[in-house]
> 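Got a structure here, written out as structure tokens. Questions coming.
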Amino acid sequence: MSKPSIPQGTRDFNASTVQKRQFIFQTIRSVFETYGFQPLETPAMENLETLMGKYGEEGDKLIFKILNNGLDNPQKKAQIDEGLDKVLAGKNSTAITERALRYDLTIPFARYVAMNHGQLTFPFKRYQIQPVWRADRPQKGRYREFYQCDADVVGSDSLLNEVDLIAVYVKAFEQLNLPVEIKINNRKILMGLAQVCGGEEKLIDLTIAIDKLDKIGWEKVKEELNNKDFNVAQQDLVERYLNISGTNAEKINALANLLGDNENGKKGIEELNYVLDYHISTGMNQYLVADFTLARGLNYYTGLIFEVKAIDAQMGSIGGGGRYNDLTSLFGVANIPGVGISFGVDRIYDVMEEKNLFPTSVDHTTQVLFFNLGEAEAKVAYGQMMELRAKKIACEMYPEKSKFDKQFKYAEKKGIPYIAIIGTEEVSKKECTIKNLSSGTQTNISFSDLAGFQF
RNA sequence: GAGGGCGUAGCUCAGUAGGUUAGAGCGACAGUUUGUGGCACUGUAGGCCGUGGGUUCGAGACCCAUCGUUCUCCCCA
């Protein structure tokens with residue numbers, strides 16, 4: 001038998017890791033709920049059809065598909081052979097696979113809204129904290145199974161939603177004590193740039209090229225634009241666009257000059273300004289950075305877009321989101337605009353761990369270990385232990401009668417702060433010896449006072 | 001999908017130019033110490049050197065393949 005292992009890109013989480021992760025989940029969840037979002041859960045698997053074509057060509061390749069059952073059924077052999085040929089040719093076939101693992105939380109949410117729009121009260125605000133799966137090649141900060149925490153509002157055009165979601169980001173990261181900046185841009189600005197550069201149809205090529213700027217540098221981006229038939233004047237314009245710098249206000253001014261009276265550009269700037277101005281009054285503007293190089297890969301975004309970056313950390317974005325005007329139309333229900341954000345918990349964990357930002361209080365463990373000094377003594381001790389447990393004090397008893405040495409070491413390794421000794425002497429006196437392991441101090445407490453002892 | 005690094009004890013790693021019985025630290029276990037831990041000392045257990053093939057008188061080391069892992073690119077949280 002080979003050594004046991006787990007699939008590539010997946011992880012087991014030990015007690016301390018789970019507790020730290022729970023701290024992140026609880027922090028985010030409590031902020032979501034404070035802002036009026038309600039929970040939703042959707043299945044780990046969706047119909048393949050629901051997911052395909054929603055994440056772009058690259059995304060489709062990264063969807064984990066689930067093999068159908070019953071492929072060994074001889075009566076279906078013809079269909080299955082035909083399906084297999086399609087799969088081998090790089091297509092999908094429902095004869096082979098008709099379900100897939102969730103790739104993100106946004107599309108399943110859109111599907112849910114489309115299915116239930118008759119029953120939902122709009123604006124509908126939901127949050128969702130669940131794992132997603134991607135058949136990506138794992139590397140630093142990238143896993144094949146990871147959690148997303150999403151909050152979305154659908155059924156409202158108001159920019160107040162964007163304002164509110166930014167506040168969610170700020171408050172959550174403040175509570176996590178993780179310094180971040182929130183980059184903000186508008187797809188309309190990018191659309192405006194594309195129009196000024198020759199046409200809307202260039203938007204996708206343009207955003208893909210721009211998105212790479214901080215990785216490959218301007219020269220390479222220029223090369224890519226050249227390959228995509230941007231002429232010299234257009235390349236020049238993009239260069240001036242990307243070189244915009246300064247404070248948020250200065251950047252926006254420069255951008256307004258560059259895009260002139262392009263309608264999308266004007267609208268995009270207006271929306272951006274609205275949100276930035278709003279957060280001057282909340283004092284959260286210090287976190288906001290207008291960044292016109294921000295593009296976001298997902299093509300369903302239509303308005304303001306966000307990305308959260310941890311300050312001074314070698315890590316890709318730890319959150320992102322934006323406005324999508326018509327996501328549910330993918331599922332046949334039109335005119336439900338929405339806006340949402342996502343937290344990348346696994347990356348947040350990695351950054352916090354690296355920077356040592358977890359409060360020590362997240363480690364919960366047993367408070368009191370009751371020593372086992374023999375059958376009769378243990379029975380008395382067990383009764384005392386149950387009293388403490390009734391007070392919600394975490395206790396456990398060493399399961400075997402062992403030498404002190406061994407029981408002490410167990411407590412020490414597990415980080416248990418107190419031990420309780422009840423031996424023959426204590427039983428006859430109806431008392432208990434409590435020892436604080438870190439200070440070494442030891443006191444005798446009568447059974448009747450034990451439940452009131454301050455551990 | 002493309003390209004690099006690394007696989008030796010439970011963990012972290014040595015292993016010199018290919019040479020006889022593969023080492024250390026930590027951890028585990030036992031004892032010194034059968035009602036007082038952390039420290040110290042002593043001892044014990046634990047290795048198909050990832051797997052398969054090849055080169056060689058001889059391979060942990062060199063070559064090929066394969067699997068695993070990790071990082072980078074693409075893309076993304």
Side-chain angles (χ1 to χ4, degrees), chain A residues 1-11 14 24 28 55-63 90 102-106 129-150 180 207-209 211-212 215-216 220 224 294-299 306-310 313-321 340-351 369 371-374 377 398 401-427 432-444:
Chain A
M1 180 163 166
S2 57
K3 283 188 181 172
S5 63
I6 56 175
Q8 191 180 34
T10 64
R11 296 150 300 158
N14 64 21
I24 298 172
I28 295 171
Y55 308 106
E57 212 173 303
E58 288 292 327
D60 283 356
K61 283 194 233 160
L62 301 181
I63 294 171
R102 184 167 58 215
Y103 178 90
D104 74 352
L105 301 179
T106 306
I129 301 179
Q130 289 190 278
V132 302
W133 294 269
R134 296 186 187 177
D136 218 343
R137 186 148 305 188
Q139 52 187 274
K140 186 179 166 66
R142 185 179 300 191
Y143 306 98
R144 288 184 150 186
E145 178 183 63
F146 62 97
Y147 269 75
Q148 289 190 334
C149 302
D150 278 24
V180 296
T207 54
I208 289 172
D211 207 29
K212 293 180 185 168
K215 271 205 174 134
I216 63 177
K220 291 275 171 88
E224 187 153 334
L294 175 64
R296 308 269 314 143
L298 297 168
N299 287 323
F306 324 107
E307 202 159 282
V308 184
K309 184 99 182 52
Q314 282 291 104
M315 179 61 77
S317 68
I318 56 176
I341 57 170
S342 181
F343 288 79
V345 171
D346 300 78
R347 285 186 176 178
I348 292 170
Y349 175 92
D350 287 348
V351 173
L369 175 71
F371 272 25
N372 188 329
L373 300 175
E377 294 86 343
Y398 199 80
K401 176 182 190 289
S402 300
K403 298 203 297 187
F404 267 50
D405 182 59
K406 194 156 183 172
Q407 304 197 42
F408 265 121
K409 280 187 174 147
Y410 176 79
E412 209 179 303
K413 290 232 177 73
K414 208 168 166 181
I416 298 174
Y418 293 93
I419 57 135
I421 300 172
I422 298 178
T424 43
E425 200 177 315
E426 284 86 355
V427 169
C432 173
T433 302
I434 301 289
K435 181 166 183 171
N436 178 322
L437 285 191
S438 55
S439 67
T441 56
Q442 191 164 311
T443 42
N444 288 355

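Here is the naming used below: chain letters follow the sequence lines, and residue numbers restart at 1 for every chain. Reckoned from all heavy atoms, side chains included, excluding hydrogens, waters and symmetry mates.
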> At 4.0 Å (heavy atoms only), tell me whether A:I421 reaches a base, stays on the sugar-phosphate, or touches nothing.
base

> Rounding to an integer number of Å, can you tell me how far A:R142 CZ sits from B:A77 P?
9 Å

> Taking only N and O in the side chain of A:Q139, is any of them less than 4.0 Å away from OP1 or OP2 of B:U72?
yes

> Are side-chain heavy atoms of A:I422 and A:L373 found at a separation under 4.5 Å?
no

> May I ask you to verify whether the side chain of A:Q8 and the base of B:U69 hold a donor-acceptor pair under 3.5 Å?
no

> So what does A:Y143 touch, heavy atoms closer than 4.0 Å: a base, only the sugar-phosphate, or nothing?
base

> Under 4.0 angstrom, heavy atoms only, what part of the nucleic acid is A:E425 near: base, sugar-phosphate, or nothing?
base

> With a 4.0 Å cut-off on heavy atoms, is A:E145 in touch with a base, just the backbone sugar-phosphate, or nothing at all?
nothing

> Answer with base, sugar-phosphate or nothing: what part of the nucleic acid does A:K435 contact at a heavy-atom distance below 4.0 Å?
base

> Rounded to whole Å, how long is the line connecting atom CG of A:D136 with atom P of B:G1?
11 Å

> How would you label the contact of A:K309 with the nucleic acid (heavy atoms, under 4.0 Å): base, sugar-phosphate, or nothing?
nothing

> Between atom CZ in A:R347 and atom C1' in B:C76, what is the gap in whole Å?
6 Å

> Using the closest heavy atom to pick a nucleotide of RNA chain B for each, name whichever of A:T441 or A:E307 lands nearer the 5' end.
A:T441

> At under 4.0 Å between heavy atoms, what does A:I348 touch on the DNA or RNA strands: base, sugar-phosphate, or nothing?
nothing

> Rounded to the Å, how far apart are A:W133 CH2 and B:A77 P?
17 Å

> Searching all strands shown, indicate the nucleotide that pairs with B:G25 (Watson-Crick or G-U wobble; both distances under 3.5 Å).
B:C11

> Can you work out whether A:G9 or A:G141 has the more 5'-proximal nearest nucleotide on RNA chain B?
A:G9

> What contact category does A:S342 fall into here, base, sugar-phosphate, or nothing, at under 4.0 angstrom with non-hydrogen atoms?
nothing

> Identify whether any heavy atom of A:G320 sits under 4.0 Å from a base atom; if not, whether one sits that close to sugar-phosphate; answer base, sugar-phosphate or nothing.
nothing

> Would the base of B:G1 count as contacting A:E58 through its side chain, where contact means a donor and an acceptor less than 3.5 Å apart?
no

